[in-house]
Amino acid sequence: MTFRLYDTATREVRDFVPLEAGKAGLYVCGLTVQSEPHVGHVRSGVNFDVLQRWLRHLGYEVTFIRNITDIDDKILIKSSEQGRPWYNLAYAMHRELDRAYDALNVAPPTYEPAATGHVPEMIELITELIIRGHAYPAEDGSGDVYFDVRSWPSYGELTHQGVDDMEPAADADPRGKRDPRDFALWKGQKLGSEPDTAAWPSPWGRGRPGWHIECSAMAGKYLGAAFDIHGGGVDLRFPHHENEQAQSRAAGRPFATYWMHNAWITTAGEKMSKSLGNSLTIPAVLDQYRGIELRYYLVAAHYRSHVEFSFEALDEAAVGFRRMEAFLERAAELLGEIPGGGTLCAEFVEAMDNDLGTPGAVAAIHDVVREGNKLIAGGDSAALRGNAASVRAMLDVLGLDPQDSAWASTGSAGEDDKLKSAVDALVAGLLEERAQAREAKDWARADAIRDQIKQAGIEVTDTPTGPTWTVN
RNA sequence: GGUGGGUUGGCCGAGAGGCGAGGCAACGGACUGCAAAUCCGUGUACACGGGUUCAAAUCCCGUACCCACCUCCA
């Protein structure tokens, strides 16, 4: 069975056929680093990380480019409000985003280019468009350069819209546009209101990039004129991706073969960007939940499904994930270590091949976990070994292997271990006493000891191999 | 006005013509001194109204409600 994915441009699930056998080029629109990342922002990071992992699992050599937009109107406005340089705000938020990705085990892309580092490539592309008659410098002397929508007959092809059906942008700045739908490739510096540091020299005077041009320029630089998959959030289909495709193709570059778009996460029925307080930023959520639990929550829904975020649903997801995790822990106690490289079960593979069907993949893991739990009763066995290895391997494809070093708590790990062995020594004596009471069938005494330990916040659980304890 | 997406059991969330994905919760049973965990079992779910079909949550027509995008929001 081949890998199939839903292509937004053709609106159908298609077989993935790479331009070059064995290789996959992937470009994903990353974030505009203007504020702290929230749950909605990282969904795209997690979704495309799963895509990357699946492609690698299938044996593709993946080149994954995810950009950072580090200059735009919002960054300039916000930084000015906060009284700090725009580049400081962008850099700080970029680091914040990296931390969020790390906390969710989102693997770094092959490269993460930033818009401000690619002005020459953009100028080159804009120049090409002007030469070919698809772009023009504004006639009002503003220094802007616009893409000429009317000059490109297939404009609107990605989102299946006719130019004449588009609502003319009422609020668009009409400075020197031939058509209100023309969009800016280059924005001339507004002297006085914008800092000098936010302007770069160009053939059309000092200025800064339009939004869309950066992605066309950077995708072209790192992936070539034609590449396999372009991804991003649904909101980017229009205008961003439509414009990227138009300006790239108008410059003679075939651009992406497949377009993938992830759906939204909303809260209280609204886009997070509108309704966001501070409670849903990644650092705030990670105060209450582990990164692996949040990632499981995100992966358990299909990437094209709208998710209504709630802490109740996140709670449930966390419980469901712990079922898998607890199985691996019990198996590890019996087996010593669970080997890597286990086989993926057929249902899992089928689900993943079908447009990254992570919900089905997760269900498949739960089924294998159930089998594994039955095998545990039989102690160490080849069957259990294979089963646990399989669970681990499947979780790993989803970036959810609890034993992945990426999840190791940073910094205080050694401290935790010391504390754990200290508590263990203290509890051991009490458990020994309880064991004797149980031996004598003195249940009242045994339960009293268990209650005493519980008072200290430690839960004792009896297992076939003896009692264990966990904090809280 | 244009272009898309959605409405599934108490909850989350898949599926896309025929056998009840999976998880959480609940209830019963097994196991356990009791718990916990685990396993087994228990559900007349597909917004509404028509239609097509031997068969519809799934296809078609209509209705209602919700959401997204329409030029710098993942």
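As the structure is a computational prediction, the values presented were derived from the model and not from experiment. Side chains are part of it too, since the values below use all heavy atoms of this structure and drop only hydrogens, waters and symmetry mates. So you know, we letter chains A, B, ... as the sequences are listed, proteins then strands, and number each from 1.
A/Trp200 and A/Ser202 share no side-chain donor-acceptor pair at under 3.5 Å. A/Trp86 and A/Asp70 form no side-chain donor-acceptor contact under 3.5 Å, judged by distance and modelled atom types alone. In the model, A/Ser216 has a side-chain atom that pairs as donor or acceptor with a side-chain atom of A/Gln247 under 3.5 Å. Side-chain contact annotation: A/Thr267 with A/Glu308, donor-acceptor N/O pair under 3.5 Å absent.
Applying the Watson-Crick and G-U wobble criteria (two distances, each under 3.5 Å), B/rG28 pairs with B/rC40. Base pairing analysis places B/rU7 opposite B/rA64; the two distances defining the Watson-Crick or G-U wobble pair are each below 3.5 Å. With a cut-off of 3.5 Å on both pairing distances, the Watson-Crick or G-U wobble partner of B/rG18 is B/rC54. Of the nucleotides present, B/rC70 is the one that pairs with B/rG1 by Watson-Crick or G-U wobble criteria, both distances under 3.5 Å.
Side-chain N/O atoms of A/Arg323 include one lying less than 4.0 angstrom from OP1 or OP2 on B/rC39. A sub-4.0 Å separation between OP1 or OP2 of B/rC73 and a side-chain N or O of A/Lys74 is present. Here A/Asn262 does not reach the OP1 or OP2 of B/rA74: none of its side-chain N or O atoms lies under 4.0 Å away. Of the side-chain N and O atoms in A/Arg370, one or more sit less than 4.0 angstrom from OP1 or OP2 of B/rG23. Between B/rU71 and A/Lys177, no contact under 4.0 Å exists linking OP1 or OP2 to a side-chain N or O. The phosphate of B/rC73 (OP1 or OP2) has no side-chain N or O of A/Thr32 nearer than 4.0 angstrom.
Taking atom CZ on A/Arg434 and atom P on B/rA35, their separation rounds to 13 Å, with Å as the unit. Straight-line distance from the CG atom of A/Asn243 to the P atom of B/rU71: 10 Å, rounded to whole Å. Taking atom CZ of A/Arg304 as the reference point, atom P of B/rA74 lies 21 Å away to the nearest angstrom.
At the heavy-atom level, A/Ile365 lies nowhere under 4.0 Å from the strands shown. Backbone-only engagement by A/Lys374 is indicated by non-hydrogen atom pairs under 4.0 Å involving sugar-phosphate atoms exclusively. A/Asp235 comes within contact range of at least one nucleobase, with a heavy-atom separation under 4.0 Å. Across all strands shown, A/Gly45 has no heavy atoms under 4.0 Å from either base or sugar-phosphate atoms. A/Asp315 comes within contact range of no nucleotide atom at all, as no heavy-atom separation falls under 4.0 Å. At the heavy-atom level, A/Thr461 lies under 4.0 Å from base atoms of the strands shown. A/Arg450 comes within 4.0 angstrom of a nucleotide base, judged by non-hydrogen atoms across all strands. Within the nucleic acid shown, A/Gly40 comes within 4.0 Å of at least one base atom, counting heavy atoms only. Note on A/His261: nothing from the nucleic acid sits closer than 4.0 angstrom, heavy atoms only. Within 4.0 Å (heavy atoms only), A/Tyr155 reaches at least one base atom of the nucleic acid.
For A/Arg237 and A/Ser305, each mapped to the nucleotide of RNA chain B holding its nearest heavy atom, the one lying further toward the 5' end belongs to A/Arg237. Both A/Ala363 and A/Tyr303 sit near RNA chain B, but only A/Tyr303 has its closest nucleotide nearer the 5' end.
For the C1' atoms, the distance from B/rG6 to B/rA16 is 15 Å, rounded to whole Å. Between the C1' atoms of B/rC40 and B/rC46, the separation comes to 28 Å (whole Å). The P atoms of B/rG13 and B/rC61 are separated by 28 Å, rounded to the nearest whole Å. Comparing the P positions of B/rU32 and B/rU42 gives an interatomic distance of 24 Å, to the nearest angstrom. Remark: the separation of the P atoms in B/rU58 and B/rU53 is 16 Å, to the nearest Å. B/rA25 and B/rC11 have their P atoms separated by 15 Å, given to the nearest Å.
Taking the ring centroids of A/Phe309 and A/Tyr297, they lie under the 6.0 Å cut-off.
In the set B/rG2, B/rC12, B/rA21, B/rC12 carries the atom at the smallest distance from any side-chain atom of A/Ala313. For A/Pro239, whose side chain is taken as the heavy atoms from C-beta onward, the closest listed nucleotide among B/rU71, B/rG33, B/rU38 is B/rU71. Comparing B/rA74, B/rA14, B/rU3 against the side chain of A/Trp264 picks out B/rA74 as the nearest. Closest to the side chain of A/Phe183, from the set B/rU71, B/rG13, B/rC24, is B/rU71. The listed nucleotides are B/rU71, B/rA36, B/rA74; the one nearest the side chain of A/Arg181 is B/rU71. Proximity note for A/Trp443 (side chain, C-beta onward) versus B/rG33, B/rA14, B/rU3: the nearest is B/rG33. The side chain of A/Asp447 sits closest to B/rG33 out of B/rA14, B/rC12, B/rG33. Of the candidate nucleotides B/rC39, B/rU71, B/rC34, B/rC34 has the atom nearest to the side chain of A/Arg438. Out of B/rC39, B/rA74, B/rC69, the shortest distance to the side chain of A/Ser44 is found at B/rA74. Comparing B/rA14, B/rG33, B/rC24 against the side chain of A/His302 picks out B/rA14 as the nearest.
Salt-bridge annotation for A/Glu333 and A/Arg330: absent, with no side-chain N of the basic residue lying under 4.0 Å from a carboxylate O of the acidic one. The pair A/Asp182-A/Arg150 fails the salt-bridge criterion, with no side-chain N (NZ, NE, NH1 or NH2) lying under 4.0 Å from an Asp/Glu carboxylate O.
Between the side chain of A/Asp367 and the base of B/rG22, no donor-acceptor pair under 3.5 Å is found. At a cut-off of 3.5 angstrom, counting only N and O atoms as typed in the model, there is a donor on one side and an acceptor on the other between the side-chain of A/Asp462 and the base of B/rC34.
With hydrogens and angles disregarded, a donor-acceptor distance shorter than 3.5 Å links the side chain of A/Asp49 to the backbone of A/Ala107.
Using a 30° and 60° split on the angle between ring planes, A/Phe255 and A/Phe227 fall in the perpendicular class, above 60°.
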